[in-house]
**Q** 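Following this message is one structure expressed as structure tokens.
Letters A, B, ... are given to chains in the order of the sequence lines, protein chains preceding strands, and every chain is numbered from 1.
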There are 2 protein chains.
Amino acid sequence: MNDVKYSIGQLAKESGCKVETVHYYEKIGLMPEPPRTEGGHRVFAFSHVKRLNFIRRSRELGFKIEQIKDLLKFIDEPNHYCGEVRAMAMLQARAVQEKIDDLQRLKVALNEMVLKCKDSNNSIDDCPIVDALFTKQVAEQI
Amino acid sequence: MNDVKYSIGQLAKESGCKVETVHYYEKIGLMPEPPRTEGGHRVFAFSHVKRLNFIRRSRELGFKIEQIKDLLKFIDEPNHYCGEVRAMAMLQARAVQEKIDDLQRLKVALNEMVLKCKDSNNSIDDCPIVDALFTKQVAEQI
DNA sequence: TATAGAACCTGTAGTAACTATAGGTTCAAG
DNA sequence: CTTGAACCTATAGTTACTACAGGTTCTATA
């Protein structure tokens, strides 16, 4: 039977979150309010472990909390199709690609600045990096 | 002479920030407190435009506020060398590369999930993406 | 069974880097 | 001289947590 019970600490460990994060997810409605012991301690089931894993992994993939709420809605409510999830994943992949492109441009700019700055014993007044940062449209020089 | 004066709105426009951002930078000590008019409006000089441009561009390159404070310290205080700035830029470039690598892994994971999910009319119960997110160590499958 | 201390509880404040709002004052153009 | 744009301050909101304080419950050992 799958009626193993988990304390919040075990749940957290099991899914790689911190206890405070579980509290937080409960507060914002990502995780349901679990049953409690007499004394008020939360008692979780394996389904909670699965759900929290889903959330954590989605976060790792760069989904925002609001997006994860949408994903969980698909899962919680019946009558949804794989296509909706697929579409979200594709959108996410595109957003990630854009971030990568931005960072690539960044890196090139930084490396160029470093290359220009050959004589690192220069006084700060002659530093090409400082210079580059003071001039307009660094980003567009790239 | 370079004694052109700028209102906060002009300063903001000139350097691509919002007025509130200038207020904020002043509050946290990135920008100095400028002189004021009788009525209390801030009056900026060209040096402020340059400084704010430096800050904005550094932010665009992914430097954190605290790092920019360090960079500005180099510039504000005498007896600093180009090498210190160069070292920070190199560190920054490396950090950016790491972020790029992370995102690449992300993108691959997302794309693989999308590819596996061929039949988007499937019910959500059979969605390989949802499946992948529920299983452990998605990130390590990549 | 008594007790120590680990783990839990709630609620609030802090983080980064702004953005937005409210409610009031000053400036500049016509 | 009036109008309305731009400015002022102060506070709250944003995102996704993290960290604390001050108290309670659970559990393992003596």
Side-chain angles (χ1 to χ4, degrees), chain A residues 5-44 48 51-72 92 95-96 99 102 106, chain B residues 4-45 48 51-72 92 95-96 99 102 106:
Chain A
K5 298 300 177 197
Y6 298 80
S7 72
I8 195 168
Q10 291 168 331
L11 171 67
K13 193 166 286 175
E14 205 72 26
S15 45
C17 292
K18 301 200 171 180
V19 168
E20 293 89 348
T21 308
V22 182
H23 283 157
Y24 173 68
Y25 286 160
E26 183 181 319
K27 203 170 67 187
I28 64 171
L30 261 192
M31 289 294 286
E33 292 186 23
R36 307 268 185 140
T37 63
E38 293 275 288
H41 286 199
R42 290 168 178 83
V43 181
F44 296 94
H48 295 105
R51 191 183 182 92
L52 189 53
N53 265 316
F54 182 93
I55 294 169
R56 210 211 64 230
R57 254 173 274 296
S58 302
R59 288 288 300 133
E60 278 176 11
L61 292 183
F63 287 96
K64 302 212 160 180
I65 296 277
E66 283 307 308
Q67 294 178 303
I68 299 176
K69 276 190 184 168
D70 289 343
L71 285 170
L72 286 170
Q92 185 60 16
V96 167
K99 260 189 227 161
D102 281 356
L106 262 187
Chain B
V4 193
K5 297 301 177 197
Y6 299 80
S7 72
I8 195 168
Q10 291 168 330
L11 171 67
K13 191 166 287 177
E14 205 72 25
S15 45
C17 291
K18 300 201 172 179
V19 168
E20 293 88 351
T21 308
V22 181
H23 284 155
Y24 172 69
Y25 286 161
E26 183 181 322
K27 202 170 69 185
I28 63 171
L30 261 191
M31 289 295 286
E33 291 186 24
R36 305 270 185 140
T37 63
E38 293 276 289
H41 286 200
R42 290 167 178 83
V43 180
F44 296 95
H48 295 106
R51 191 184 181 90
L52 189 53
N53 264 316
F54 182 93
I55 294 169
R56 211 210 64 229
R57 256 173 273 297
S58 302
R59 288 287 300 134
E60 279 176 9
L61 292 183
F63 286 97
K64 303 212 161 184
I65 296 278
E66 282 309 307
Q67 294 178 303
I68 298 175
K69 275 191 183 168
D70 289 344
L71 286 170
L72 286 170
Q92 186 60 15
V96 168
K99 260 188 228 163
D102 280 356
L106 263 188

**Q** Which sits closer to the 5' end of DNA chain D, A:R59 or A:T37, going by the nucleotide each is nearest to?
**A** A:R59

**Q** Mind checking whether B:R42 and B:H48 have side chains closer than 4.5 Å, heavy atoms only?
**A**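 Side-chain contact under 4.5 Å: no.
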
**Q** How do B:K64 and B:G40 order along DNA chain C: which one's closest nucleotide is nearer the 5' end?
**A** B:K64

**Q** Expressed in angstrom and rounded to an integer, what is the separation of A:E20 atom CD from C:dA13 atom C1'?
**A**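 Going from A:E20 (CD) to C:dA13 (C1'), I get 14 Å.
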
**Q** Do the non-hydrogen side-chain atoms of B:L52 and B:F44 ever get within less than 4.5 Å of each other?
**A** no

**Q** Checking all strands, does A:I8 fall into the base, sugar-phosphate, or nothing category for heavy-atom contacts under 4.0 angstrom?
**A**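 The answer is sugar-phosphate, as A:I8 gets under 4.0 Å only of primed atoms, P, OP1 or OP2.
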
**Q** Grab the CD1-P distance between B:I28 and C:dT19 for me, whole Å please.
**A** 12 Å

**Q** Atom OH of B:Y24 and atom P of D:dC8: how far apart are they, to the nearest Å?
**A**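 In whole Å, D:dC8 P lies 18 Å from B:Y24 OH.
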
**Q** Would you mind reading off the distance between B:F44 atom CZ and D:dC8 atom P, rounded to a whole angstrom?
**A** 7 Å

**Q** 5'-most contact on DNA chain D: A:G39 or A:Y25, nearest heavy atom basis?
**A**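 Comparing both residues, the 5'-ward one is A:Y25.
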
**Q** Of all the choices, D:dC8, C:dT21, D:dA19, which nucleotide is nearest to the side chain of B:R36 once you look at every atom?
**A**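 Nearest to the side-chain atoms of B:R36, counting from C-beta on, is D:dC8.
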
**Q** From the set D:dT18, C:dT10, D:dT9, return the single nucleotide nearest to any side-chain atom of B:R42.
**A**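 Closest nucleotide among those given: D:dT9.
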
**Q** Round to the nearest Å and state the distance from A:R56 atom CZ to D:dT18 atom P.
**A** 12 Å

**Q** Tell me the interatomic distance from B:H41, atom NE2, to D:dT9, atom C1', rounded to whole angstroms.
**A** 11 Å

**Q** Looking only at the side chain of B:V19 (C-beta and beyond, no hydrogens), which of the listed nucleotides C:dT19, D:dC7, D:dA19 gets closest?
**A** D:dC7

**Q** From C-beta outward on A:K18, which listed nucleotide comes closest to its side chain: C:dC9, D:dA19, C:dT19?
**A**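 In terms of side-chain proximity for A:K18, the closest of C:dC9, D:dA19, C:dT19 is D:dA19.
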
